[in-house]
There are 2 protein chains.
Amino acid sequence: MSLRIAIFDDNKNIRESISLLLKTVPSFEVVGSFSHVLDCVEDVRDCKPDIVLMDIEMPGMTGIEAVIAIRKEYPHIQILMQTVFEDDDRVFDSICAGASGYILKNHLNTKLVEAIMELQYGGSPMSPSIARKVLGKLQQIPQHIKPEEAPDYHLTPREKEVLACIVEGLSYKMIADRLSISYETVRSHVKKIYEKLHVASLTEAVAKAINQRIV
Amino acid sequence: MSLRIAIFDDNKNIRESISLLLKTVPSFEVVGSFSHVLDCVEDVRDCKPDIVLMDIEMPGMTGIEAVIAIRKEYPHIQILMQTVFEDDDRVFDSICAGASGYILKNHLNTKLVEAIMELQYGGSPMSPSIARKVLGKLQQIPQHIKPEEAPDYHLTPREKEVLACIVEGLSYKMIADRLSISYETVRSHVKKIYEKLHVASLTEAVAKAINQRIV
DNA sequence: TCACCTATCCCCACTTCCGGTGAGTACCTA
DNA sequence: TAGGTACTCACCGGAAGTGGGGATAGGTGA
């Protein structure tokens, strides 16, 4: 089973030399070669590559937008970016957009095959400087997700169930039906929830429940 | 100005050979060498390193916990992990904990100096397979933040104000006061919001507003 | 055994919200 | 100038939520 590769690059010479290079590897098969990315999703659909080699600078639509478009439709396809400058924010942006790695254009001859092999085996070839940017991003983001974790309001399991229903937007009557208890029981649970969460209305309870991930 | 390096490794031979190796580089200075990480924060405080070389397997407290502790107190310090096995989840965990890169123990002789140089110049040396894991994490997280970004409900500015008040848990009357409009006006805004968000109660509106970050 | 918690249920009086309908003013664009 | 949109306000009747009170039953642990 050969590895299907598609090439996107606006320079005809580069496309052809890449093509020639890849044809020296028996397990590689170049299934497409395109000079622009305006129809990239259709192109990919038609030639069904396992790996896409994408120039970061493309006319019309940038390589980064192409990455987003292709990943959206075909998330299993690995995309390797080609770039002239290593320390380019666009490299980082491509990575964030879903590219699996990148290679410098003037390393194509020596390292392209190696890089594709790494992609195939689940690696992501990238230089330390880009790796650092990625790390920075990674360490930055999660702190925004859970800043004020969970002050634990000691809700009983039943109360949590009721709260979950409230967050869904159900009325007391609907909650009573779903939990097979009476309307009045729902009410007493809600009263307890209000006490424990220090709120006085459903809307406040919903806001608190979602923001503090109680549900 | 020399680069100050501290070594944490429970194996005395490794500490000494690393030390010897680093002393061959004039611009490097080994300012500390420790066999355990139980006092790592104090050790770092005392010897003021620019770069910490940390064994991932340490007795008592793991290297990963040490990374967290050191980064918490001294976030500017670069930490380079040492590991025996490349494809180790702990390597990935260290990276997430704040390490800036890692190196394989049996590459110490050949690549340690290079790796430290890369750290110094703002890079993060890591293998493609770890890089892939990091990318996976990066692409996974932000999607939780903005899952279905913005179906854009075309709320007018005023409607967004009202919605924000609702999410705060305010009653119609309170909203009317805050926005200096009548109760009935608040009501008509809310009706529009219900239409646009396809909801039929405050609780649903709050849930939708928070989950889809409309506010 | 008794105190405590959880879960269940009930009533009353009051407040707030909901859906529908209608309407006036102001601004902007075609 | 006509039409669209945003913002404002009002009334009615019905539905739903809120706050206060009290009650029963089962389980747990001191």
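Residue numbers start from 1 in every chain, and the chains themselves are labelled A, B, ... in the order their sequence lines are given, proteins ahead of strands.
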> When the nearest nucleotide of DNA chain D is assigned to A:Arg187 and to A:Lys173 on a heavy-atom basis, which residue is associated with the more 5' position?
Replying inline: A:Lys173
> Could you state the CG-C1' distance from B:Leu202 to D:dA15, rounded to the nearest angstrom?
Replying inline: 14 Å
>> How many whole angstroms separate atom OH of B:Tyr194 from atom C1' of D:dA15?
In response: 13 Å
>> Is there a side-chain contact between B:His189 and the phosphate of D:dT8, meaning an N or O under 4.0 Å from OP1 or OP2?
In response: yes
> In whole Å, what is the span from the CD1 atom of A:Ile166 to the C1' atom of D:dG17?
Replying inline: 11 Å
> With nearest nucleotides of DNA chain D determined for A:Leu170 and A:Lys191 from heavy-atom distances, which residue corresponds to the more 5′ nucleotide?
Replying inline: A:Leu170
>> With a 4.5 Å cut-off on side-chain heavy atoms, are B:Met54 and B:Ile70 touching?
In response: yes
>> Does A:Val52 form a side-chain contact (heavy atoms from CB on, under 4.5 Å) with A:Leu80? I'd like the steps, not just the answer.
In response: CA-CA 6 Å; A:Val52 165; A:Leu80 186 68; over 6 Å; no
> Is it true that a side-chain atom of B:Arg90 and a backbone atom of B:Ile64 form a donor plus acceptor pair closer than 3.5 Å?
Replying inline: no
Under-3.5 Å N/O pairs linking protein and nucleotides 26-30 of chain D:
none

> Under 4.0 Å between a side-chain N/O of A:Ser188 and OP1 or OP2 of C:dA7, yes or no?
Replying inline: no
> Going by number, which of residues 175-186 of chain A have a non-hydrogen atom under 4.0 Å from DNA chain C?
Replying inline: A:Ile181, A:Ser182, A:Glu184, A:Thr185
>> Once you apply a heavy-atom cut-off of 4.0 Å, does A:Ser201 come out as touching a base, just sugar-phosphate, or nothing?
In response: sugar-phosphate
>> From CG of B:Leu155 over to P of D:dC7, roughly how many Å is that when rounded to an integer?
In response: 10 Å
>> One thing to verify: whether A:Arg178 and A:Glu161 come together as a salt bridge, which I'm taking to mean a side-chain N less than 4.0 angstrom from a carboxylate O.
In response: no
>> Could you tell me if the side chain of A:Phe8 sits less than 4.5 Å from the side chain of A:Asp43, heavy atoms only?
In response: yes
>> As a test of reading the structure: which of D:dG19, D:dT8, D:dG17 is closest to the side chain of A:Ser171, going by heavy atoms?
In response: D:dG17
>> Measure NZ/B:Lys192 against P/D:dG4 and give the value in whole Å, please.
In response: 13 Å
> side-chain contact (heavy atoms from CB on, under 4.5 Å) with B:Tyr172: which of B:Asp177, B:Val162, B:Val186?
Replying inline: B:Val186
>> Could you tell me how far apart B:Glu195 (CD) and C:dC18 (P) are, to the nearest whole angstrom?
In response: 14 Å
> Looking only at heavy atoms, what is the nearest atom pair of B:Ala207 and A:Val167, with distance?
Replying inline: CB-O, 3.4 Å
>> Using a 3.5 Å distance criterion without hydrogens, assess whether the side chain of B:Glu159 forms a donor-acceptor pair with backbone atoms of B:Leu155.
In response: no
> Stepwise, does the side-chain hydrogen bond (donor to acceptor under 3.5 Å, both in side chains) test hold for A:Gln78 with A:Arg71?
Replying inline: CA-CA 9 Å; A:Gln78 309 282 332; A:Arg71 291 284 298 188; 5.6 Å; no
> Taking OH from B:Tyr172 and C1' from D:dG17, how many angstroms apart are they, rounded to a whole number?
Replying inline: 12 Å
